[in-house]
Amino acid sequence: MGAFVNGSAGLCLAVLALACSDGEVTQPIPFNHNIHVSKNGLACEDCHEQVFTGPSAGLPRVSVCMGCHDSDITTSQAAAPHIETIRRHSKEGTEIPWVNLYTLPHHVYYSHRRHAKIAGIACATCHGDIGKSETPPRLPIERTLDMWNCIDCHRERGVDNDCAWCHR
Amino acid sequence: MPRWGMVIDLDRCTGCQACSIACRTENNVPACGDRNAWKGRAIFWNKVVAVRMDGHGETAHGPHGAAAAHSRPRFRFLPMPCMHCERPPCTMVCPVRATTKNVEGIVMQVPSRCIGCRLCQAACPYSRRYFNWQEVSFPGDLGQALNPDVALRTLGVIEKCTFCIHRFQKVREQARAEDREIREGEYVTACVQACPARARTFGDLDNPSHAVAKLAQSPRAFRLLHELGTGPQVVYLHEGSWQDDSGLPVRDLLSKEKEDHG
Amino acid sequence: MADRDAFTYFRPLIHTSWGSLALLALSAAGAAWYFFGAFYLQFFHGHQLTGQGTHGAMWGSMVANIVQLIGVSHVGIAISATVRILKLRRYQQLARVAELVTLVSLTAAVCNIAGDVGRPDRFLTNVIKNGNYTGPFVWSASVITNYLVGSCVYLYLAMRRDIYLCSCVLPRRRWLYRILSLGYTDTPEERENHERTVWWCAVIILPIMVSVHSVYGWVFGLNSGRPGWFNPFQAPYFVLGAIVTGFSGVIVITALVRRVYKWEEFFPNRMFKGLGIFLGFVTLLYLYFLFSEVLTGVYTAPEAERGVLHDLLFGRFATIAWAATVGGMVVPFFILFVQGANPRICSMRVVVAAALPIFIAMWCWRYLITVPSFFHSHVPYRLAEYAPTLFDWSLVVATYSFGVFFYLSLVKLLPVLEIPEKFKPACPARPPRITLGERRRWGALKRVSIGATLATGAGLIAAGIASRHRVEIPAPAIWISGIVCLWTIPLQACLLPGFPSAGRVRAHMARMEPGLLRAPRPAATAVGLTECAASPATIEYWIDEQFGASRGIRRRPEIRGIG
């Protein structure tokens with residue numbers, strides 16, 4: 001009941017947020033998850049290196065990209081300018097300026113390590129088929145990021161819902 | 001299940017207030033300005049209260065005797081964090097469950113839900129809860145030194161000592177990742193860490209190996225306002241009676257009423 | 001209805017003087033300042049605009065004002081309900097004046113509560129979504145909603161006939177009163193129905209009234225850590241204070257209303273004399289409670305309690321306390337006693353002269369209950385002195401300004417006086433033409449509807465209470481919606497067309513024509529009459545009068561004896 005009330009409120013907010021947003025977020029490189037994950041068999045943690053060790057999963061460092069793209073691993077003409085961008089950043093010693101899709105509110109503590117490593121929840125459980133997307137995703141997860149979604153999932157798995165575990 | 005508590009040795013406390021400053025820095029406590037401080041709106045999650053020990057107490061038997069008692073006022077310092085009571089009056093009265101008692105003994109405060117009715121502030125017998133009467137401000141360079149692990153509060157909500165819950169969350173996660181219990185000394189609050197006189201100890205009151213548990217059993221131990229039945233988890237150590245010989249509770253500092261009554 | 005009578009009863013609705021308009025404008029400006037100050041200035045700049053502080057007084061003049069207004073709201077409905085239940089005909093006209101006072105002061109109190117909390121934007125939503133059943137604030141939300149909705153229903157049903165009469169008498173605003181009266185037709189059945197329903201509402205509302213101010217007593221009385229507050233006495237003490245405040249407030253407002261609209265015949269001096277006697281009695285009772293509190297505090301009380309009482313009697317609050325008690329309560333009590341005991345004194349002005357200081361003194365005592373305890377904390381803090389700032393006072397005054405604006409608007413819109421039954425409009429509204437058969441069906445539907453509402457409401461309340469521990473379920477919202485659901489029952493009872501039961505028909509017929517039922521008769525409904533000793537003409541006339549113009553009735557062939 002609470003989830004319904006809060007979920008619907010959250011949904012309205014999410015819809016509003018989407019409606020008010022500019023639409024597509026433009027990433028510096030139109031990253032194609034599908035090629036990397038499905039075709040080349042990369043796991044999430046191969047690029048999002050901190051998912052098992054820290055609160056935030058992290059965005060790939062340019063050295064991670066260069067690990068493969070240093071050599072001519074891809075022959076795609078469409079990808080060529082983007083590979084150039086990666087190599088340029090690497091040479092200049094700067095990171096690729098990925099645009100963060102979502103920042104958790106300040107009063108919430110969410111840890112990827114806690115959920116992905118300690119609880120052993122698969123990435124796809126929350127992030128869905130993001131590995132199959134061919135353009136950069138617009139949303140980090142396909143559900144509303146609402147406290148009650150977290151609470152419901154906790155309740156399903158029999159995890160304590162104390163305020164102190166997530167709020168600070 | 002650990003039960004987090006603190007022991008404060010009043011015989012060691014020098015009144016330096018390092019604990020108050022450490023707490024404010026650690027928890028992004030805002031400044032309130034001159035005028036608001038004058039109105040009693042300064043926020044000190046951990047507050048060191050200076051208490052004048054009247055002549056009938058320990059000073060009467062000291063080296064200078066009763067005659068000098070009034071001419072040389074003696075002070076004791078009473079550092080007061082939130083007591084994290086076992087039966088907190090504040091959690092009972094909160095209309096929106098913005099403050100709740102955690103299973104491990106911490107009384108949590110969630111300012112993002114608080115509506116600012118101040119019932120909890122009125123209910124707390126120790127007055128350890130602070131309302132943001134003014135806009136949140138960090139004058140000068142204080143804004144550069146904010147702790148990213150602690151959320152900023154807005155005006156109009158209540159905040160209070162949380163036993164540095166953000167530190168607890170990280171330590172707990174690390175312990176879970178390594179599949180072990182939290183070790184003594186791993187999780188300490190900022191005030192305990194900062195005390196130069198080592199007057200403060202923090203740990204699991206239910207774990208006999210923790211120093212806190214041993215100190216809480218000391219014959220010098222007492223709890224503030226014990227008779228109210230709140231069951232505070234902050235234990236004070238003090239040689240001799242906390243009350244003076246007349247049996248009355250500690251007197252107000254420079255209280256006019258007490259001067260009238262002698 | 002004679003024109004002169006109409007004018008008297010409807011005077012505020014017909015004629016608005018320039019003075020009224022000026023007062024309306026001025027009070028609207030004051031109300032606007034309240035909303036601006038409380039919900040804009042305080043919201044963006046914080047409560048630092050007031051004089052309160054954490055190590056000082058956490059609650060101040062605004063909380064005192066809230067308690068005062070909640071107290072005033074009580075007595076409106078209490079007077080109205082008591083007058084109805086005890087059939088005090090002499091005070092009947094006081095009823096609606098008082099009911100409007102309830103509505104206005106309760107609204108003002110809720111606005112004050114919203115203005116006193118730090119985050120009024122989260123105030124209602126968080127209490128509804130995440131309400132904690134142990135919190136006195138949630139109890140307050142529940143009982144205030146109960147009382148407010150109940151008062152509105154009670155007020156509306158009691159006023160419905162008068163609104164209908166307004167629609168007949170006032171051509172320019174006929175459209176408004178037609179909508180408001182919701183199809184009321186002045187048939188004896190409807191009048192009786194309304195009387196009965198309103199009587200039951202009155203009976204139910206009286207205990208609710210007690211609950212509302214008891215909760216405010218408990219807001220203070222359950223705090224063990226505040227000397228001077230922690231006291232089981234607080235609930236009855238606050239209820240008594242509410243009665244004193246309310247009666248004094250209603251006396252003053254009634255006097256004003258009588259004076260402005262020249263309603264001396266409806267509010268005679270004898271009425272004020274009686275009200276004055278009662279006010280004197282409850283003031284004496286309040287002084288007795290006060291004396292008991294003071295005695296307990298100074299006799300052998302613990303240090304902190306003794307400190308609070310000493311502060312009140314001889315310390316920084318002494319001036320207000322003594323002025324309020326002696327000047328504001330003891331002296332007025334004697335005035336009221338003398339005017340009550342002396343048969344030669346029968347004056348409205350004397351009673352008002354006593355009631356106004358009592359009202360102000362009660363505000364002062366609300367303040368004195370709220371503030372002094374903060375200055376006797378168990379822990380030796382250094383505390384800042386508290387004095388309400390200009391902003392604080394402006395908000396208090398602006399709240400009363402809002403009250404004046406709202407009350408004046410209601411007086412200008414709604415009929416304040418109860419128009420006696422003997423007055424009937426020259427062109428009454430025709431009851432709708434529906435057949436007896438349709439009436440029976442509506443009647444059955446009505447019974448089902450009320451039964452279903454009862455079950456739903458009770459079920460919601462039970463569900464809410466049962467789920468109070470579950471944090472994910474908004475239990476207070478559920479039981480409050482159950483309460484609101486139950487309050488639609490009186491509305492359904494009066495608004496939906498019904499069909500009287502056999503027993504009621506017989507009772508009505510016995511009242512109208514006592515001889516009718518002398519002969520033993522078989523059980524009969526109004527339409528299934530088998531054999532009657534009474535004359536057909538009489539029964540026919542009654543049916544017509546009850547169920548509408550005879551033109552619209554399709555006579556059922558089973559009614560024998562009527563041709």
Side-chain angles (χ1 to χ4, degrees), chain B residues 32-33 35-43 47 49-52 78 80 89 91-98 100 113-119 121-127 129-135 154-158 224-225 228-230 248-257 261, chain C residues 42-59 113 116-124 126-127 129-132 134-138 140-141 219-220 222-226 229 303-304 307 310-311 315 373-374 376-386 471 476:
Chain B
C32 70
R35 194 184 148 273
N36 285 324
W38 189 244
K39 284 275 188 188
R41 297 172 188 149
I43 303 177
K47 190 171 176 76
V49 178
V51 178
R52 181 176 177 182
L78 183 63
M80 293 187 65
T91 56
M92 290 282 281
V93 298
C94 179
V96 292
R97 291 200 176 101
T100 50
R113 191 184 272 188
C114 178
I115 63 172
C117 64
R118 308 194 294 288
L119 260 105
Q121 197 183 36
C124 178
Y126 309 93
S127 294
R129 288 175 155 274
Y130 290 89
F131 182 71
N132 280 287
W133 301 95
Q134 57 280 327
E135 302 114 315
T154 58
L155 68 74
V157 297
I158 294 269
L224 217 50
L225 300 180
L228 290 180
T230 50
L248 296 172
V250 174
R251 287 149 182 244
D252 293 76
L253 178 66
L254 299 177
S255 159
K256 181 179 186 302
E257 174 194 331
H261 276 231
Chain C
Q42 262 188 174
F43 189 73
F44 287 104
H45 299 291
H47 283 57
Q48 60 177 328
L49 297 169
T50 67
Q52 299 155 298
T54 303
H55 290 307
M58 300 163 191
W59 284 343
I113 295 172
D116 184 54
V117 298
R119 291 299 298 263
D121 57 316
R122 293 180 187 169
F123 155 59
L124 273 177
N126 277 7
V127 174
K129 284 198 303 179
N130 308 113
N132 176 17
T134 59
F137 209 82
V138 168
S140 153
V219 165
F220 292 90
L222 300 177
N223 287 302
S224 64
R226 295 278 164 210
W229 281 8
E303 166 95 353
H310 179 266
D311 225 359
S373 291
F374 290 118
H376 295 272
S377 172
H378 286 297
V379 177
Y381 288 111
R382 193 154 201 179
L383 297 166
E385 291 296 327
Y386 171 68
V471 295

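Chain letters run A, B, ... following the sequence lines, proteins first and then strands; every chain starts at 1. Worth knowing before you read on, the calculation uses all heavy atoms, side chains too, and leaves out hydrogens, waters and symmetry mates.
Heavy atoms of B:V49 lying under 4.5 Å from chain C belong exclusively to its side chain. For B:T154, the part lying near chain C is the side chain, with the backbone staying farther off; criterion is any non-hydrogen pair under 4.5 Å. With a 4.5 angstrom heavy-atom cutoff, C:N223 touches chain B only via side-chain atoms. With a 4.5 angstrom heavy-atom cutoff, B:L225 touches chain C only via side-chain atoms. With a 4.5 Å cut-off on non-hydrogen atoms, B:C124 touches chain C through its backbone but not through its side chain. Both the backbone and the side chain of C:Q52 have a heavy atom closer than 4.5 Å to some heavy atom of chain B. Proximity to chain B (any heavy atom under 4.5 Å) is restricted, for C:F43, to the backbone atoms N, CA, C and O. Residue contact with chain B, scored on non-hydrogen atoms closer than 4.5 Å, is absent for C:Y386.
Minimum heavy-atom separation, C:V379 to B:P125: CG2-O, 4.2 Å. For the residue pair C:F137 and B:C117, the shortest heavy atom distance occurs at CE1-CB, 3.9 Å. Here the closest non-hydrogen pair linking C:T54 and B:F131 is OG1-N, 3.6 Å. Of all heavy-atom pairs spanning C:H45 and B:L155, the tightest one is C-CD2, 3.8 Å.
Of the residues considered (B:R129, B:Q134, B:Q121), B:Q121 shows the highest number of contacts with chain C, using heavy-atom pairs under 4.5 Å. Of the listed residues (C:G53, C:G56, C:G46, C:G225), the one with the most heavy-atom contacts under 4.5 Å to chain B is C:G53. Contacts with chain B were tallied for C:P120, C:A141, C:G131; C:G131 has the most, counting heavy-atom pairs under 4.5 Å. Listed options C:D116, C:N132, C:V127 were ranked by heavy-atom pairs under 4.5 angstrom with chain B; first place goes to C:N132. Residue with the most contacts toward chain C among B:C94, B:A123, B:A122: B:A122 (heavy-atom pairs, distance under 4.5 Å). Of all the listed residues (C:R226, C:E385, C:R122, C:H47), the one sharing the greatest number of non-hydrogen pairs under 4.5 Å with chain B is C:R122. Counting heavy-atom pairs closer than 4.5 Å to chain B, the top residue among C:S140, C:G315, C:G118 is C:G118. Counting heavy-atom pairs under 4.5 Å between each of B:I43, B:L119, B:T100 and chain C puts B:L119 at the top.
At distances below 3.5 Å, at least one donor-acceptor pair connects side-chain atoms of B:R41 with backbone N or O atoms of C:Q48.
Interatomic distance, NE2 of C:H55 versus OH of B:Y130, reported as 3.0 Å (0.5 Å rounding). Distance check, rounded to the nearest 0.5 Å: CZ of B:R97 to CG of C:N130 gives 8.5 Å. With rounding to the nearest 0.5 Å, the separation of NZ in B:K47 from CZ in C:R382 is 10.5 Å.
Residues C:H378 and B:L224 form no side-chain contact, since every pair of their non-hydrogen atoms from C-beta on lies 4.5 Å or further apart.
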